[in-house]
Protein chains: 2
Amino acid sequence: MKKRSSITDIANVLKISPTTVSFILNGKAREKRISVELVEKVEKYIAEVGYKPNSLARSLRTGKTNIIGLMVESISNPFFATIARRIEELAYKNGYKIIYSSTDNNTVRTKELIQMFRERHVDGYIISPPEGIEEDVSSLINAGIPVVFFDRYLTDVAVDSVTIDNFSSSYDAVKHLISTGCRNIGFVTLDSLQTQMQDRLSGYEKAIEEAGLTLHVKEIGFNQSTENIVRHIVTFLKRSVKLDAIFFATNYLGISGLKAIRTLELDVPNDLSVITFDDHELFELHKPSITAIFQPVDEISDKVINILLNKMKSGAKHKKEQNLVLPTELVIRDSTIAATVPMVNND
Amino acid sequence: MKKRSSITDIANVLKISPTTVSFILNGKAREKRISVELVEKVEKYIAEVGYKPNSLARSLRTGKTNIIGLMVESISNPFFATIARRIEELAYKNGYKIIYSSTDNNTVRTKELIQMFRERHVDGYIISPPEGIEEDVSSLINAGIPVVFFDRYLTDVAVDSVTIDNFSSSYDAVKHLISTGCRNIGFVTLDSLQTQMQDRLSGYEKAIEEAGLTLHVKEIGFNQSTENIVRHIVTFLKRSVKLDAIFFATNYLGISGLKAIRTLELDVPNDLSVITFDDHELFELHKPSITAIFQPVDEISDKVINILLNKMKSGAKHKKEQNLVLPTELVIRDSTIAATVPMVNND
DNA sequence: CTGAAAGCGCTAACAC
DNA sequence: GTGTTAGCGCTTTCAG
């Protein structure tokens, strides 16, 4: 009984041709000068039987699916979840749906995902790319399918992107630490060649070297369990020259770091100043509250989706690609307040 | 040049019929007794030109899309993000992709989403349902499309579901508070008729009444800004009878609650014991660490996807629906440790 | 064992 | 202004 009616059924019942119905459905009634009465009649009937077009068939015919593929590192990371939420929102408002997937920063997996998305004829891609997918992305671009990167980019392929100024953010954070009197500043990052991680590292290095200090870098392998990360950080904090500040390069390193600091019962900021990349609800509520580099997630989302929507509209014209770099904000909290006792340079 | 080749192209080049190619592609070679040489030849050629079937066309023909629609309250809520992540993982392993969307607990929006998903011929649905979508879900069920609810359910429609034992979780949490000597226990919840919230409320009420204590319930409207929630909680804590414990019914109420408590500079647990529904990284690191009701997110995800996969395989046979109710775990931390000074009943 | 052909539901040139 | 018709790429019955 609930047999879905097709455009032909409608045409048959109304004794007109499917074309006419199609035109009316697609708002081309005026353009095709279809009589107002007919239009009304058709619309009335459509509403009556609750007809809904089969978008699969439509997609097969038009080659458009109105679906955007969103590939993030992991949807369970609050940074990506927040961005995904907003992108979803904006996409819906523009008639697009999102198919998402988590790449796990895994190249093979991501290649497969792109492949699957292609089979689905996804109209556009938003990707926080892992290393090594240059070819697949090029192939997309060559096929005229719009792609936008965010959070990081790939150096060997020209793609629109929205990132933040990782280098300066990191540089400024370290300068801030130095200005509060810290001399032995550790940097905990991921063992990753991705641009955002490399830039954060460079910013740290530049600031440290400019101040004539020594580098203390700890690189942690990707995809470790939290417990393992904590263990690594604990070791780092115990082993090396006594640090008076530590800088975490991502939010979850920061969280693990706080766990490590807690295990060691260090007094922040007196024993150790702490600063971390990416803000997080946790950092404001923590005692002491944690200084963090806030990424403009809303703006990132807005820019990403806008660039993509534009490209999709303009048929992916070969305009010069845009590479937006947004500023961040250093949110200074209690974990880096200069000690109340005046510092004396003690080296 | 990169012209996608179709099954007919392949057939033409190889001088065979599309049927044969299709059979080989779908692993029906043996069944159809196609010669091994032919199969190899075709497979070789397919690999060579990198042919990929057009799943749109396939879906149009078969009516299957291998897509699961996942509708959560909000993907930016860590509880849902974690579950979404795991469901995605398991779905992929079984050849399914996920289209997700956030319902915002908005009935109208959710109805529209279901409508859109239907147009896309999504194969199955995983929904944390807002109120008022009974009809739409019934219509899905009647059409033989599998649906699984989680986190909450709708009373007027028979659908498989995976939930937790909200009533007992809440009841036990309150009993725990009472056992540490708390007498004036506040309950901060959402102004919502959803089953999970109602059950949490009932559990609280039962425990309070059994102990001969008075109820102190604060209901907060849905979709408020964090600032507003904090303001409400601050007022609640200031206004009412001096509470010696507070119980938050969701993780984000808990987080807002901690902000409120901080504003008021209350001493936890000495001034106020705190307990909250849903565990969160934050709660372990908070000083003092916060007692929380841990939901078995992995198990929830596993059960949900398994039930759905089974239903999709078995052609949604009208088996009796399953309504799984999983236990939670009360993770006792410092925010509810009994005061070290022996308590004296002082009323 | 393999092929011909119909058709899923829709769109858009092209006719009239 | 409206209808005819040819596919989009695939699956599948039915013939041979």
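Within every chain, numbering begins at 1; the chains are lettered A, B, ... in the order of the sequence lines, protein sequences first and strands thereafter.
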Heavy atoms under 4.0 Å is the rule here; annotate nucleotides 2-8 of chain C 5' to 3' with B where the base is hit, S where only the sugar-phosphate is, and - elsewhere.
BBBBBBB

Roughly, in whole Å, what's the span from [atom1] in [X] to [atom2] in [N]?
| X | N | atom1 | atom2 | answer |
| --- | --- | --- | --- | --- |
| B:I24 | D:dT12 | CD1 | P | 16 Å |
| A:N12 | D:dG3 | CG | P | 11 Å |
| A:L14 | D:dT2 | CG | P | 12 Å |
| B:L56 | C:dG9 | CG | P | 14 Å |
| A:N26 | C:dG9 | CG | C1' | 13 Å |
| B:I10 | D:dT11 | CD1 | P | 11 Å |
| B:D9 | D:dC10 | CG | C1' | 13 Å |
| A:I7 | D:dG3 | CD1 | P | 13 Å |

Applying a 4.0 Å non-hydrogen cut-off, can you work out what A:K28 is touching in the nucleic acid: base, sugar-phosphate, or nothing?
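A:K28: backbone/sugar contact only, no base atoms under 4.0 Å.
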
Any donor-acceptor pair under 3.5 Å linking the side-chain atoms of B:S74 with those of A:R85?
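Yes - a donor-acceptor pair under 3.5 Å links their side chains.
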
Any donor and acceptor pair, going by atom type alone, linking the side chain of [X] with main-chain N or O of [Y] inside 3.5 Å?
| X | Y | answer |
| --- | --- | --- |
| B:D123 | B:N66 | yes |
| A:R152 | A:E131 | no |
| A:S55 | A:R58 | no |
| A:N77 | A:F79 | yes |
| A:S139 | A:E135 | no |
| A:S59 | A:K64 | yes |

Residue-level proximity of residues 39-47 of chain A to DNA chain C when a heavy atom falls under 4.0 Å
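Close to the strand, none.
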
N or O in side chain of A:Y51 less than 4.0 angstrom from C:dC10 OP1/OP2
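Checking A:Y51 against C:dC10: at least one side-chain N or O falls below 4.0 Å of OP1 or OP2.
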
Residues A:E119 and B:K97 bridged, charged N to O under 4.0 Å
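B:K97 and A:E119: not salt-bridged.
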
Look at the aromatic rings of A:Y125 and A:F117 and report parallel, tilted or perpendicular, splitting at 30° and 60°.
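Ring orientation of A:Y125 relative to A:F117: tilted.
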
